[in-house]
Every structure is written in C-alpha cells, then in structure tokens.
Amino acid sequence: HQSLDNEVDKYHIVHNSSEIRALLEKHNVMMVIQGHYHQGHDAIINGIKYHTLPAMCEKEEDFCEILEI
C-alpha cells in the first residue's frame with residue numbers, strides 16, 4: 001500500500017523510495033506497476049513510468065486493468 005512515486009501524499013510513500021528508485025534506474029527498469037493509491041496516479045520520474053493502481057472501492061463497477069506488452 002505504499003508507493004515509490006514521490007508525487008502522491010507523503011503518508012503513502014515508502015520511506016526509502018529515493019534509494020529504491022535509484023536502484024531501478026541503475027538497472028534500466030522501464031515501468032513500475034504498484035498499488036494502490038485510492039484515486040490512482042501516474043508519473044514519470046527519471047525516465048521510469050510509475051503506474052499506481054486505484055483502489056477497487058473507488059469505482060462504481062468492478063475494476064481491473066489489463067496490460068499488454
């Protein structure tokens with residue numbers, strides 16, 4: 001329930017998120033899919049896309065996402 005994306009509410013961010021992001025950047029990660037932040041959020045930080053899934057309870061119907069690579 002905590003995020004590596006430093007653009008969300010500070011109470012939802014992993015305490016050492018900057019260290020983890022640096023490690024991901026070092027290893028050429030292209031995208032991080034994480035969950036959840038109730039309203040959802042997308043950001044690009046140092047070339048990596050951070051996609052944070054919204055909570056299922058925030059939608060009127062059942063909610064899921066399908067990612068095709």
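Starting from 1, each residue takes its place in the sequence as its number.
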I want to check something: taking the side chain as every heavy atom from C-beta on, are [X] and [Y] in contact at a cut-off of under 4.5 Å?
| X | Y | answer |
| --- | --- | --- |
| M31 | K49 | yes |
| V32 | I48 | yes |
| S3 | Q34 | yes |
| L4 | Y50 | yes |
| N6 | R21 | yes |

Spatial distance of atom [atom1] ([X]) from atom [atom2] ([Y]) [nearest 0.5 Å]:
| X | Y | atom1 | atom2 | value |
| --- | --- | --- | --- | --- |
| L53 | H41 | CG | NE2 | 13.5 Å |
| I20 | L24 | CD1 | CG | 7.5 Å |
| S18 | I45 | OG | CD1 | 10.5 Å |

Review point. What's the shortest heavy-atom distance between D9 and I13, and which atoms?
Key: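 Heavy atoms only, the tightest pair is O-CG1, 3.7 Å.
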Looking at every non-hydrogen atom in both residues, tell me the closest pair between D5 and V8 and how far apart they are.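 Closest pair (atom of D5, atom of V8, distance): O-CG2, 3.4 Å.
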Problem set entry | Members besides M30 in its Ile/Leu/Val/Met/Phe/Trp/Tyr cluster (side-chain heavy atoms under 4.5 Å) |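 Noted: M30 shares its cluster with no other residue.
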*asked:* Count I, L, V, M, F, W, Y as connected when their side-chain heavy atoms are under 4.5 Å apart, and connections chain through other members. Are V29 and V14 then in the same cluster?
replied: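 As far as the 4.5 Å side-chain criterion goes, V14 and V29 are connected within one cluster.
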- Message: Ignoring hydrogens and geometry beyond distance, is a side-chain donor-acceptor pair present between E65 and H51 at under 3.5 Å?
- Response: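 A pair is found: one side chain offers a donor N or O, the other an acceptor, under 3.5 Å apart.
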